[in-house]
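Side-chain atoms are counted along with the backbone in the values below, which use heavy atoms only and exclude waters and symmetry mates.
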Amino acid sequence: MRTDEFWQLIDEARAGAGGEPEAVAARAVALLAECDPEEIVGYAHHQRRVLAASYKVDLWGAAYLINGGASDDGFEYFRGWLMTQGRAVFARAVGDPDALAELPQVRAAALSGEEFECEQMLAVPWDAYRKATASDLPAERDPVPVPDLNDFWDFDDEEEARRRLPRLAALFVEPPAE
């Protein structure tokens with residue numbers, strides 16, 4: 001499976017899911033389970049690459065601001081949700097995490113407190129493989145390396161949040177009193 005095919009499958013899953021991340025994940029499992037087992041393994045490999053490419057400090061900071069906190073698992077689930085938004089949104093957020101402030105659902109979450117996570121999206125290849133073959137997805141032979149996060153900053157530091165993620169901070173950090 002190529003990268004374009006990976007994202008095409010997610011787009012197909014999004015098409016009938018009504019914007020609900022869990023529905024996107026369920027549709028992705030159903031669509032992927034119809035593929036050959038080798039394609040499912042390929043999807044899993046691409047998913048690992050996508051998750052590794054998005055393992056960035058400022059994206060974690062964005063998830064922290066938007067969701068009111070983000071543990072290791074919470075950041076994984078946030079990136080699962082981000083995958084359900086499609087390739088363009090995902091790529092834009094990885095390149096410029098502050099651009100998430102432009103998404104209508106993120107802007108609305110500043111008022112509603114809604115959190116964005118989709119753990120089910122992370123399980124798509126495992127669930128699809130089991131559905132298609134009644135066995136477990138084989139272990140990755142060549143694991144994708146995860147980048148080192150050596151540039152961590154204090155996500156609770158409002159001034160640092162304003163400096164690194166100004167548009168998100170304007171939404172999720174109480175503005176300074178004048």
(request) Of all the heavy-atom pairs spanning Ala128 and Val29, show the shortest one and how long it is. (result) CB-O, 3.7 Å
(request) Mark yes or no for whether Asp98, through its side chain, and Arg167, through its backbone, hold a donor-acceptor pair below 3.5 Å. (result) yes
(request) If the plane angle is over 60° it's perpendicular, under 30° parallel, otherwise tilted; pick one for Phe78 and Phe75. (result) parallel
(request) State, with a plain yes or no, whether a side-chain heavy atom of Val106 is found less than 4.5 Å away from one of Leu168. (result) yes
(request) Could you grab the distance from atom CD of Glu117 to atom CZ of Arg79, nearest 0.5 Å is fine? (result) 12.0 Å
(message) Quick check: closest heavy atoms across Ala62 and Pro97, and the distance to 0.1 Å?
(response) CB-CB, 4.0 Å
(message) Measuring from atom CG of Asp127 to atom CG of Leu32, what distance do you get when rounded to the nearest 0.5 angstrom?
(response) 10.0 Å
(message) Applying the side chain to side chain contact (heavy atoms under 4.5 Å, CB included) criterion to Phe6, which one of Gln47, His45, Arg49, Arg87 satisfies it?
(response) Gln47
(message) Tell me whether Asn67 contacts the main-chain N or O of Gly69 through its side chain, where contact means a donor paired with an acceptor under 3.5 Å.
(response) no
(request) Starting at CE of Met1, measure out to CG of Asp36 and round the result to the nearest 0.5 Å. (result) 10.0 Å
(request) Check salt bridge (charged side-chain N to carboxylate O under 4.0 Å, His left out) between Asp157 and all other residues, then give those that pass, not counting sequence neighbours. (result) none
(message) Looking at every heavy atom in both Cys35 and Ile40, which two are closest together, and how far apart are they?
(response) O-CD1, 4.0 Å
(request) To the nearest 0.5 angstrom, please state how far the CG atom of Asp11 sits from the CD atom of Glu5. (result) 13.0 Å
(message) For a 4.5 angstrom cut-off between non-hydrogen side-chain atoms, does Glu115 reach Ile66?
(response) no
(request) Please say whether more than 12 non-hydrogen atoms of neighbouring residues, nucleotides or ligands are located less than 6.0 Å from CD in Glu12. (result) yes
(request) Nearest 0.5 Å please: distance from the CG atom of Leu165 over to the CG atom of Leu171. (result) 11.0 Å
(request) For Trp81 and Pro21, indicate whether the former's side chain and the latter's backbone hold a donor-acceptor pair under 3.5 Å. (result) no
(request) Might you work through the side-chain contact (heavy atoms from CB on, under 4.5 Å) test for Leu137 and Arg130, ending with a clear yes or no? (result) CA-CA 7 Å; Leu137 183 71; Arg130 178 163 289 287; over 6 Å; no
(message) Against Tyr64, only a single residue in Phe116, Trp153, Phe152, Phe155 fulfils ring pair (Phe, Tyr, Trp, His ring centres under 6.0 Å); can you say which?
(response) Phe155
(message) To check you understand the geometry: which heavy-atom pair defines the closest contact between Leu65 and Ala169, and what is its length?
(response) CD1-N, 4.2 Å
(message) Walk me through whether Tyr43 and Val124 qualify under side-chain contact (heavy atoms from CB on, under 4.5 Å).
(response) CA-CA 9 Å; Tyr43 178 98; Val124 165; 3.8 Å; yes
(message) Going by side-chain hydrogen bond (donor to acceptor under 3.5 Å, both in side chains), name the residues that satisfy it together with Arg107, two or more places apart in sequence or in a different chain.
(response) none
(request) Look up atom OH in Tyr129 and atom OG in Ser135, then write down how far apart they are to the nearest 0.5 Å. (result) 4.5 Å
(request) Flag the pair Arg163 and Glu159 as a salt bridge only when some basic side-chain nitrogen lies within less than 4.0 angstrom of an acidic carboxylate oxygen. (result) no
(message) Could you check whether any side-chain heavy atom of Glu102 comes within less than 4.5 Å of a side-chain heavy atom of Arg92, counting everything from C-beta outward?
(response) yes
(request) Locate the shortest heavy-atom distance separating Cys118 from Thr84; write the atom from each residue and the value. (result) SG-CG2, 4.1 Å
(request) List the atom of Val173, the atom of Ala161, and the distance in Å for their closest heavy-atom pair. (result) CG2-CB, 4.4 Å
(request) Tell me, with the steps shown, if Gln85 and Arg14 meet side-chain contact (heavy atoms from CB on, under 4.5 Å). (result) CA-CA 8 Å; Gln85 303 306 297; Arg14 287 170 39 91; 4.3 Å; yes
(message) Determine whether Val94 and Phe90 satisfy the following criterion, side-chain contact (heavy atoms from CB on, under 4.5 Å), listing intermediate values before the conclusion.
(response) CA-CA 6 Å; Val94 170; Phe90 193 94; 3.6 Å; yes
